[in-house]
Amino acid sequence: MSPESWLTAEVAGPKKASVITKPEIADAMIKRAKRPVLVVGNIATEIDLEDRKLIDYLIDLAKRCQIKVVATAHTNAAFLERDFAPDAVMSAVDIANRLADPDWKGVDGEGAHDLAIFVGLPYQMAWTILSGLKHFAPHLKTISLDNVYQPNARWSFSNISIKDWIMNLKSIIGNQET
Amino acid sequence: MSPESWLTAEVAGPKKASVITKPEIADAMIKRAKRPVLVVGNIATEIDLEDRKLIDYLIDLAKRCQIKVVATAHTNAAFLERDFAPDAVMSAVDIANRLADPDWKGVDGEGAHDLAIFVGLPYQMAWTILSGLKHFAPHLKTISLDNVYQPNARWSFSNISIKDWIMNLKSIIGNQET
Amino acid sequence: MGTKDINISIKELETELGQIRDLKFSVGRLVQESWTEPQGPTPFPSITALRGWDMTLLKRYRPFYMPFCDLCCLCTFGKCDLTGDKKGACGITMSGQQSRIVLLAACIGAATHTSHARELVTHLISEFGEDEPLDPGGLSIEVEAPNIRLVCGVKPETLGDLEQVLDYAEEQINALLASTHTGQEGNPLDLESKVLHAGMIDHVSMEVADIAQISAYRLPKADPEAALVDIGFGAVDTEKPVILVIGHNVPPAVEIMDFMQDNDLAGDIEVTGICCTAIDMSRYSPRAKIIGPISWQIRYIRSGIPDIIVVDEQCIRTDVLDEARLQKIPVIATSEKNCLGLPDRTRDPADAIVADFINGSADGAFILDPEKVGEIAVRTAMQIAPHRKRQKVPRSLEEGIEEAKKCTQCRLCRRACPNDLHIPDAIKAFARGDPGMLSDIYDSCVGCIRCEQACQQDIKIHSLITLAAEGKLRDESFKLRAGRGAIQDIEIRQVGGPIVLGEIPGIVAFVGCANYPGGGQELAEMAIEFANRRYIVCTSGCAAMTIGMYRNEDGKSPYEIYPGNFEAGGIVNVGSCVSNAHISGAAIKIASVFARRNLRGNYQEIADYVHNRVGAVGVAWGAMSQKAASIASGFWRLGIPVIVGPHGTKYRRMLLGRSDHEEDWYVYDARTGEEVYVGPVPEHLFVAAETKEEAMVMIAKLCMRPNDTSRGRALKLTHYIDLHRRLIGAMPGDIHRFVRTGADIPITMKEEILRILDEKGWKETVIPDPTLIARQKTEQQP
Amino acid sequence: MGTKDINISIKELETELGQIRDLKFSVGRLVQESWTEPQGPTPFPSITALRGWDMTLLKRYRPFYMPFCDLCCLCTFGKCDLTGDKKGACGITMSGQQSRIVLLAACIGAATHTSHARELVTHLISEFGEDEPLDPGGLSIEVEAPNIRLVCGVKPETLGDLEQVLDYAEEQINALLASTHTGQEGNPLDLESKVLHAGMIDHVSMEVADIAQISAYRLPKADPEAALVDIGFGAVDTEKPVILVIGHNVPPAVEIMDFMQDNDLAGDIEVTGICCTAIDMSRYSPRAKIIGPISWQIRYIRSGIPDIIVVDEQCIRTDVLDEARLQKIPVIATSEKNCLGLPDRTRDPADAIVADFINGSADGAFILDPEKVGEIAVRTAMQIAPHRKRQKVPRSLEEGIEEAKKCTQCRLCRRACPNDLHIPDAIKAFARGDPGMLSDIYDSCVGCIRCEQACQQDIKIHSLITLAAEGKLRDESFKLRAGRGAIQDIEIRQVGGPIVLGEIPGIVAFVGCANYPGGGQELAEMAIEFANRRYIVCTSGCAAMTIGMYRNEDGKSPYEIYPGNFEAGGIVNVGSCVSNAHISGAAIKIASVFARRNLRGNYQEIADYVHNRVGAVGVAWGAMSQKAASIASGFWRLGIPVIVGPHGTKYRRMLLGRSDHEEDWYVYDARTGEEVYVGPVPEHLFVAAETKEEAMVMIAKLCMRPNDTSRGRALKLTHYIDLHRRLIGAMPGDIHRFVRTGADIPITMKEEILRILDEKGWKETVIPDPTLIARQKTEQQP
Ligand code: SF4
Ligand code: SF4
Ligand code: SF4
Ligand code: SF4
Ligand code: SF4
Ligand code: SF4
Ligand code: SF4
Ligand code: SF4
């Protein structure tokens, strides 16, 4: 399988994301991470996945495996509506800039993050921001959990259907419970 | 399988060569072509494949399926040494420029070629020339028969070993006999 | 460099006046004789003269690079793979490469404005003479050219005086461009310093262009009550012959209107425009009609309304000729920089060209004579219009629906759409007879037709979108206040105090192109929000148009509601892209006219003043072009932050402050010489916002400055907190960084904030007389 | 534009001489008073003034585009997918995009030379005064500035006169660069025409730079017997303190040598150089030693030999500081265009800087004062040298072999190598103790260290290569004839006839950078081949160096064997990159000095003359940079074809003729006005050759011109056929296209050729007085 950028022209390479072919991969990476952080962009509040929004899945994910959460843009409001308080509210470029700094102590001040999970940013903005991290944050692993291929992440789904996406997310969340 | 350019940086896309995963593919394309032409660059005279040179395989190929041959650079001399007279001697950019012209009558003056097979050009020069054809010769199919991935051809091997290359070439030549 | 270049020394000269021996003088020095202000340290600065200031800024606002490609392909050593910590074959690193591309963009942008200015000034001199006085604001303006005075240390008085300024700009851009050559500058920070230099030059050249045209063409002279002009598709009377002008250089459009005037045709023809030429011609004559920004090109040409199209330079679709041909609309190219491959008919008689257009034997001409263009455009439109055949495709809703049915739902259109719009779903609905979704897409579509390019079924997607939104399109008829030009000295004097003390919460400039992530309406909403909050809202170019293309419940556009004065609550359209120089100029004039700092050749001190005291923020929500890059760079060098939309991350880098790095936020107190922590104000120099909500909160935050009085700071905090609460939810997490003393705390939120400060271990600090320049700390400031 | 820009009008002027009112004059016109040649139609041509001529060329030599990427990423509308027939969001097509990139490269190249010239002229004026006369050739040269005279229509006499020429160049480049902005020029042919304009400007600026430095620094003045200077690693006496200069702008190097001279140190220190500064300083003093072209930077720095490095501008590895730091060699940056991020110490006392270098507290400084640089470089080298610790890594063959053993055979190095060299195999052999293959790689290695960047084992591959080739390196000691500068008028008069009639078979110029596909030796072989065949061989820049780094069995370099005269069989090193203007200048002078055509502002006629009559070919075998692109463009506009190596296809397009399109090869016969078929001469304007064999045959072929006499044509055909037979095998297939009458046929091959002509149905035609300019056909030519 040759994963393609979702927006056709946003080709990357030679360094490209490995494809999360099954949820266990993401799973394992999250489990292995010591200090993961989940960066949630505004589109997570808009996308319907069955009867819930994407953001609801992400709250589950964050809670069940105790990942710190950064809400970008106005995503915070949607979190609060759901009685979930993100660990930080920050613009996407701000959090990326800090993640690129190996001396940054993380959203909780307790040490550098080793894994950043991105989801819900506009595709092209995620593309450029992940590119910044790919090139300038060698100490950091990144995962994109959007249902489109993000070549600049370390790991990404390929362009998958909503159905597969739901299945994958559920599986990742589920696995973390065990 | 995600084929990679041989020279790492010579990434292409979004439009990229399909990989010739088995010789039958090249085979079928050559058979289907009405007026194929084989463009042989100077490196074909240098590469050893078992006890023969690459150019010897190409002569077999040209003979057995009556493909017109264009020798670029000083490749002609090596052909002549082998008592094989190419149909034309032309620089690589010259033949490419003509191939891009749908009104060109071909090396024999009998009509436009519908398939151009490239082999033995320096990698980067093949890359750029095939790019020219990819973009500006929509009427033409191109195959690269080098043992490296040429993303700008329509069809190309991926980066394969010499052994696989020999096997593939033999198979293509052999199949054409039948 | 600058003046030196035009020193002239003549050993012997025979003229009709007699013979002169050994005459030496310098034009630059002459011009300055009438100006008593002492010369500052950096008149006509070379490309590294202000490097020290740049490094001061760049130390605080570090570049965060976001490569748009893993490779470099700038020379034949390449392509080079720059991933990991690999260097290219020339030794360049990925960060160096990114800043080099930024510099390249800034050079292209600055060159574009400079060349525009050069072409304009040369034309105006040929028409009005080099002695034509510069007069951009009548009696209300004394500092006629703040950018030129500040940067070059000269005071231009006539059109002719502007030429040496352009000589200087051209030399500088040339040296900057040279620096991008393989094997030249590779240090990222030095490259960034050069980007700032390009930006500064850009503002000088924009100023040249706008004060030249204001003076010569008598455009509104710093007039807050410039006319309200028509904007929008629906404002065009399609019964009349219609001329369309597109671009940025107004002489051909002026000649069109002059020809109409001279031939008593003024009421008989519609002169319509897209992009900045439209804005500038509406400054020349309020009869001119603006269609909209850059993104309206395809839809307007395809509407079949224009009878002739005249293009000049910049931001013109390069396929304008193809699109016009489909509609059988003749095209006149008028700029050497954009010839469209058309035959040069500059020397042909107008009659012949008009005849060829009418009988269809020519579909375009390249004509380098604005006056002739004026005549030909008018005559052609008049003759074609009566026989105009509308070519609109698809011709009817039914035909459109049929076309939509060809869709295979391959999604390639969506994957080509820069805004990832849900085109396939919308097409599917449309094919079923429901235009709703497609009409919704119209609202966020930037008219790039990449969707059509991608569609294998050759569905004219953009045409279907406008078909589905036809009602909206016809309904587009608004009022825009014509570009007023400069800000008056008196306005500056009036608002200078409140701004510098922080009591007007900020100046927000909405500028730049129309590459909006979610439609233009967002921009209008932002402008209204801040005007209501009594910020000073400035606008220009495509952004100015977009803000005008909005109406409230009463059917009024923002320009009809808010005054055009440079005052709290005003919405001030300065004009076209080149008018942006008046926005930087206003900031500079606050330092000079209000605070009486010396301006002349004194860039660093003034920039330091602006950065620490003038709470201005630029917002280029749809920034797209290389010009937008250079305009932003000019603001950065003055220390003015710029916010872009999400597409702005494709400019390859941000300039971000680190609010959590306390050590970054010290300034010198000019009174005491001490270093004082002032908090992250402004926090960033260049930052992309993801959504308009985030942008609005950022605007409020980035308006804070070290010099704010407590009253001012409290007011700014009120807006910041209020917007944050409303749009992002909850109190912002960084209030403690912005409160310096108890008096800074907004009274209405005192308790809550005190509690937060307590939690954060906040300590009181002092409000300094702030400067970032070490040597200034011992000087007493006025 | 040009002269107009520097018209000066003064209403009132008070000087010590008295008061003047209403003085108006133009500098341009003044300069011309002493020059009686009538002004041609296009002095100071605008960017479209020569569009007609360009289109004539481009109609015959159509661009064949080879995109280096499927995308465009120039603005934030992008990236745009331009595959298939998709247009970008701005409407641009793939062909438009490719020519836009070519234009961008040509602008960067032209800006680089122009800025170099500006910096140099400004410096020389400050040192020698603006009245310093221009004298590039003493009595032997009357046409001192053929490019400037031809293009600008002015005749510069002093350094000061060059400034207006640079003003013009800067303005033009600025306008061209502006044309690359999103939404400006999109028509591929118009973009190509602008490329040609950039190239023409580039030659003007190169000429400015070189005649300025020749005049002021008294470099060889058109001297065919310029000194033979040392070139090569092995020529350096490493016992002495060693200074290394890298770059293109010679003043700092001159100051180094002057300081040595003034302090009687001339014999005590080795001043060594890489790239064009090396060439130019060897023109200043034959004591200077050249190390080699651009590709020698890494190997020489890593050798640990230099005690201090002084860099100026262009073609300097951007990681020079990193490499120097590893060797603890201090670096001085001297150009505003290449600051390396170093602290500006221009105003610090020399003592302090030297002390900091010696005690290691500073590893570099940015110093904008060549004189101070001279002092510091010399003093530092003298003081460091005695304590110099060689840092060469690996320190021994054993250590190198150990390092090679780390190799995992992953092949990433080879996949990073632009020449696809068989590094993994060579490393494997080396690890087994066999340095042979690795040493072979040295011969074709361009020193880019991309292999090292890619190696995951961090093997210092390039260092291993030089280690394996250490004997070769130490053995590099050759003689180069110092750049002679211009070609004398008398030489032109002597060869003009034989060239124009075709009796000297051609002028072959080997120029440009060192991105060789298979090592530099190929270039030397080519030069020798054509010198032996009694072509006139010219060379400059890296190519000139490379040709010198070769010796025959007798140990002699080509420059020791062939004369430096501009005559059949000469190898003429004109000098550095900017000296390329003398090669175009020579072609122009053939038209003017020999054929007495009017030069002044008469570009089209002269280019037409050169294209049809002067059998010149440029060969940029290792062309790499943007400057190489603009230099080539300048030759194209004169109708002179350029051949590049295989990497040259990365310039994105060729300009190829179609020998099989008979209709393309008609010219007007100036005598009769008839259109006459002349065959494909020259067949291409820009073409890449795959191998040196192919290049040699192409050179011979591309030297043919319509104006060749039969004797000349027969001679040219002899060389063409001979080379083709020897290198490609058999007779060429296109002889019939080059034989016009029976008399054209080389006598020795008469029968064979007649048979071929017969087969091809060849028909005799006439030899016209050729021109491509329609209006010229009725004029009688001299
Ligand atoms: S400029 Fe440098 S990084 Fe870019 S292609 Fe050339 S050598 Fe490689
Ligand atoms: S024209 Fe509109 S819908 Fe089509 S790709 Fe562009 S923005 Fe998207
Ligand atoms: S690209 Fe065309 S066919 Fe494909 S989904 Fe879009 S409209 Fe339908
Ligand atoms: S930098 Fe741009 S043009 Fe160059 S390879 Fe990358 S995407 Fe393509
Ligand atoms: S310049 Fe044109 S083709 Fe290139 S990215 Fe911008 S819109 Fe796309
Ligand atoms: S340094 Fe030499 S061997 Fe290494 S990649 Fe460059 S050319 Fe190839
Ligand atoms: S990259 Fe390094 S490890 Fe890999 S083959 Fe080359 S030398 Fe060996
Ligand atoms: S010839 Fe090319 S590489 Fe060599 S110094 Fe000149 S521009 Fe640089």
Side-chain angles (χ1 to χ4, degrees), chain A residues 4-16 41-43 45 71-81 85-94 96-101 103-105 109 120-136 138 148 151-152 159, chain C residues 62 64-71 81-85 94-95 98 411-412 414-420 450 454 517-518 645-654 656-661 683-684 686-698 724 726-730 732-734:
Chain A
E4 283 181 11
S5 289
W6 169 242
L7 291 193
T8 317
E10 308 300 319
V11 171
K15 195 169 171 186
K16 286 195 290 194
N42 81 91
I43 295 176
T45 67
T72 69
H74 56 283
T75 319
N76 184 54
F79 276 118
L80 297 181
E81 277 167 24
D87 299 272
V89 174
M90 223 181 264
S91 77
V93 292
D94 248 332
N97 186 36
R98 281 166 168 69
L99 286 169
D101 173 6
D103 296 328
W104 184 50
K105 292 286 169 252
L121 287 169
Y123 184 80
Q124 290 180 314
M125 197 182 197
W127 198 101
T128 46
I129 282 177
L130 285 165
S131 170
L133 294 174
K134 173 172 94 173
H135 290 285
F136 299 105
V148 288
N152 292 321
N159 301 320
Chain C
R62 309 289 298 190
F64 174 61
Y65 294 107
M66 294 167 290
F68 205 25
C69 180
D70 286 0
L71 311 164
D81 172 9
L82 301 177
T83 57
D85 51 6
M94 185 48 112
S95 41
Q98 296 312 302
R411 301 202 299 180
L412 285 173
R414 185 174 160 199
R415 293 181 58 197
C417 176
N419 285 337
D420 202 7
R450 287 212 318 218
H647 290 300
T649 58
K650 297 179 209 161
Y651 280 121
R652 273 92 168 162
R653 66 110 174 76
M654 307 274 107
L656 299 177
R658 281 289 294 271
S659 59
D660 56 331
H661 284 181
E683 187 169 340
H684 301 303
F686 186 43
V687 60
E690 185 183 335
T691 62
K692 74 159 195 260
E693 290 82 0
E694 188 170 59
M696 287 199 264
V697 174
M698 257 183 210
H724 195 285
R726 171 152 68 83
L727 300 171
I728 296 197
D734 54 2

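Both backbone and side-chain heavy atoms feed into the values below; hydrogens, waters and symmetry mates do not.
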Measuring from T691(C):OG1 to L121(A):CG, what's the distance to the nearest 0.5 Å?
-> 10.5 Å
A454(C), part contacting chain A, at a heavy-atom distance under 4.5 Å | neither
When only pairs under 4.5 Å are counted, which of H724(C), H647(C), K650(C) shares the most heavy-atom pairs with chain A?
-> K650(C)
Taking atom CH2 of W104(A) and atom CG of N97(A), what is their separation to the nearest 0.5 Å?
-> 10.0 Å
Looking only at A78(A), A100(A), A92(A), A73(A), most heavy-atom pairs under 4.5 Å shared with chain C are made by A73(A)
What part of M94(C) is in contact with chain A, defined as an atom under 4.5 angstrom from a non-hydrogen atom: side chain, backbone, both or neither?
-> both
Any side-chain donor near an acceptor of the partner, R411(C) and T8(A), under 3.5 Å | no
What part of E683(C) lies closer than 4.5 angstrom to a heavy atom of chain A: side chain, backbone, both or neither?
-> side chain
When rounded to the nearest 0.5 Å, the distance separating CD1 of I129(A) from OG of S91(A) is 7.5 Å
Which region of A71(A), side chain (C-beta onward) or backbone (N, CA, C, O), has a non-hydrogen atom less than 4.5 Å from a non-hydrogen atom of chain C, or is it both or neither?
-> neither
Selection from I728(C), L71(C), L727(C) maximising heavy-atom pairs under 4.5 Å formed with chain A = I728(C)
With a 4.5 angstrom heavy-atom cut-off, which part of R62(C) approaches chain A: side chain, backbone, both or neither?
-> neither
Contacting moiety of A688(C), where chain A heavy atoms sit under 4.5 Å = both
Is it the side chain or the backbone of E10(A) that comes within 4.5 Å of chain C heavy atoms, both, or neither?
-> side chain
Please look at V89(A) and chain C and tell me whether the side chain, the backbone, both or neither of the residue comes under 4.5 angstrom of a heavy atom of that chain.
-> side chain
One option among G13(A), P122(A), S5(A) has the most heavy-atom pairs under 4.5 Å with chain C, and it is G13(A)
Shortest non-hydrogen contact between D420(C) and R414(C), atoms and distance | OD1-NE, 2.9 Å
For K105(A), is it the side chain, the backbone, both, or neither that has a heavy atom closer than 4.5 Å to a heavy atom of chain C?
-> neither
CZ/F64(C) to CG/L656(C) distance, rounded to the nearest 0.5 angstrom?
-> 7.5 Å
So, does E690(C) use its side chain to make a donor-acceptor pair with the main chain of N42(A) at under 3.5 Å?
-> yes
Indicate the ring-plane relationship of F68(C) and W127(A), choosing parallel, tilted or perpendicular according to the 30° and 60° boundaries.
-> perpendicular
Name the option with the most non-hydrogen atom pairs under 4.5 Å to chain A; the candidates are R653(C), H684(C), Q98(C), R450(C).
-> H684(C)
Part of P138(A) within contact of chain C (heavy atom distance under 4.5 Å) | neither
Are the side chains of T45(A) and E81(A) in touch, meaning some heavy atoms are under 4.5 Å apart?
-> no
For chain C, the option from L80(A), D94(A), V11(A), N159(A) that forms the most heavy-atom pairs under 4.5 Å = D94(A)
Taking D660(C), D85(C), L412(C) one by one, which has the highest count of heavy-atom pairs under 4.5 Å against chain A?
-> D660(C)
Largest heavy-atom contact set with chain A, pairs under 4.5 Å, which of G84(C), G729(C), P67(C) | P67(C)
Look up atom CG in L130(A) and atom CE in M66(C), then write down how far apart they are to the nearest 0.5 Å.
-> 11.0 Å
Shortest non-hydrogen contact from M125(A) toward T128(A) | O-OG1, 3.0 Å
Taking A88(A), A9(A), A96(A) one by one, which has the highest count of heavy-atom pairs under 4.5 Å against chain C?
-> A96(A)
Please look at N419(C) and chain A and tell me whether the side chain, the backbone, both or neither of the residue comes under 4.5 angstrom of a heavy atom of that chain.
-> neither
Would you kindly say whether H135(A) and N152(A) are connected by a side-chain donor-acceptor distance under 3.5 Å?
-> no
Options G657(C), A695(C), G645(C), S659(C), ranked by heavy-atom pairs under 4.5 Å with chain A, top entry | S659(C)
Calculate, to the nearest 0.5 Å, the distance between atoms OG and CG belonging to S131(A) and D70(C) respectively.
-> 6.5 Å
